[in-house]
Amino acid sequence: MWKSKLRFVTVLLLLLSGGACKKSESGSSTTTAAPVATSPTSNQAAANAPTVPLPPFSAAQKLGMFAYPKNNQSSDQQLRDEYDCYTSVQQQTGIDPATPPPSSASAAEVQAAQQQAAANAPQAQGGRVRGAARGAAGGAAIGAITGDAGKGAAVGATVGTVRGGRKQRAANEQAQQQAAQSAGSQMQQQANQAKAAYKNQMDTFRRGFSACMDARGYSVK
């Protein structure tokens, strides 16, 4: 009797020990997830990104304008926005604001141009010959009345030559003066046209710059 009880207890112990081993094996088989490798954070990427240097000048001041931020932009951001608008308008219009304005011709340049124009002015010729002919004809007519047509013609030719030469010189001097005045006026007109064209270009550039800055939240005057 006691042997059967002992056998029953032994079987029961075996069953209990087998279940404990299975639980131990199942518990040990469960594993935790391995940590996932992560890429560098956005802050690290931003720290490694190259910084854009500040522009070397204020584009608004270079154009003689004033820009005021309407959205509390920083001074560094304003400098970058001004430079971006400056280069953008320059590329779109082909205008270089750094080009100096045209200057008026100097007095020496105007004088040289006037002298050149006077030297190239058309000159009248043959005035002395024509004067001599007219004088001789008139002198001969007068000489015929007095009885010496030949002497009258000679005297008239001499007088006519002098008079004809005087008129020719006066006409030539007047032509030279007119040519010199015209050359000076032409140089002044060209200088005024160049200044007007430069002003129009700068006005166009400033309008484009102002529109670009206004779109970025600035008031430009």
Side-chain angles (χ1 to χ4, degrees), residues 35-123 171-221:
V36 179
T38 59
S39 59
T41 63
S42 59
N43 292 334
Q44 292 175 344
N48 295 331
T51 58
V52 179
L54 287 175
F57 62 90
S58 169
Q61 293 180 2
K62 188 173 184 178
L63 296 173
M65 307 179 73
F66 298 93
Y68 303 95
K70 295 187 292 186
N71 299 324
N72 295 323
Q73 296 94 323
S74 65
S75 58
D76 291 351
Q77 182 63 42
Q78 180 174 340
L79 284 176
R80 291 189 176 94
D81 289 335
E82 289 180 5
Y83 185 77
D84 289 344
C85 288
Y86 184 93
T87 54
S88 176
V89 176
Q90 186 175 6
Q91 292 174 357
Q92 293 180 16
T93 62
I95 300 172
D96 185 7
T99 303
S103 58
S104 300
S106 64
E109 292 174 341
V110 173
Q111 184 178 4
Q114 290 176 338
Q115 291 175 350
Q116 183 67 30
N120 296 332
Q123 299 292 293
N172 289 340
E173 289 176 357
Q174 184 178 4
Q176 290 175 348
Q177 291 177 357
Q178 290 177 348
Q181 291 177 356
S182 177
S185 300
Q186 185 176 2
M187 289 192 68
Q188 185 63 38
Q189 183 179 6
Q190 290 176 349
N192 292 337
Q193 290 176 348
K195 290 180 180 179
Y198 178 82
K199 182 179 182 300
N200 290 336
Q201 287 185 343
M202 292 303 298
D203 290 343
T204 299
F205 194 96
R206 289 189 179 98
R207 287 196 300 270
F209 179 82
S210 179
C212 178
M213 290 292 291
D214 181 72
R216 295 183 178 223
Y218 296 88
S219 176
V220 182
K221 302 294 183 182

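Values reported hereafter were calculated over all heavy atoms of this structure, with side chains retained and with hydrogens, waters and symmetry mates removed.
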What's the spacing between [X] [atom1] and [Y] [atom2] if we round to 0.5 Å?
X      : Y      : atom1 : atom2 : value
Tyr218 : Gln73  : OH    : CD    : 4.0 Å
Met213 : Ser88  : CE    : OG    : 12.0 Å
Met187 : Ser182 : CE    : OG    : 12.0 Å
Ile95  : Gln201 : CD1   : CD    : 5.0 Å
Thr87  : Gln92  : OG1   : CD    : 9.5 Å
Ser75  : Leu54  : OG    : CG    : 8.0 Å

Just checking Gln61: does its CD atom have more than 12 heavy atoms from other residues, nucleotides or ligands closer to it than 6.0 angstrom?
no
Does atom OH of Tyr83 have more than 12 heavy-atom neighbours from other groups under 6.0 Å away?
no
Would a distance-only check, ignoring hydrogens and angles, find a side-chain to backbone donor-acceptor pair under 3.5 Å from Asn200 to Ala196?
yes
Report yes if the side chains of Pro97 and Lys62 come closer than 4.5 Å at any heavy-atom pair, otherwise no.
no
Mind listing the closest non-hydrogen atom pair of [X] and [Y] along with its distance?
X      : Y     : value
Phe209 : Val89 : N-CG2, 3.6 Å
Met202 : Leu63 : CE-CD2, 4.2 Å
Asp214 : Lys70 : OD1-NZ, 3.5 Å
Val220 : Ala67 : CG2-CB, 4.2 Å
Ala98  : Tyr86 : N-OH, 4.2 Å

Kindly determine whether Asn71 and Arg216 satisfy side-chain contact (heavy atoms from CB on, under 4.5 Å), including the steps that lead there.
CA-CA 9 Å; Asn71 299 324; Arg216 295 183 178 223; over 6 Å; no
Have a look at Asn192 and tell me which of Gln189, Gln190, Gln188 forms a side chain to side chain contact (heavy atoms under 4.5 Å, CB included) with it.
Gln188
Would Phe57 and Glu82 satisfy side-chain contact (heavy atoms from CB on, under 4.5 Å), going step by step from the backbone distance to the final call?
CA-CA 9 Å; Phe57 62 90; Glu82 289 180 5; over 6 Å; no
Pair Lys199 + Asp203: basic N to acidic O under 4.0 Å
yes
Could you tell me if Arg207 and Thr204 have a donor-acceptor pair between their side chains, going purely by distance under 3.5 Å?
yes
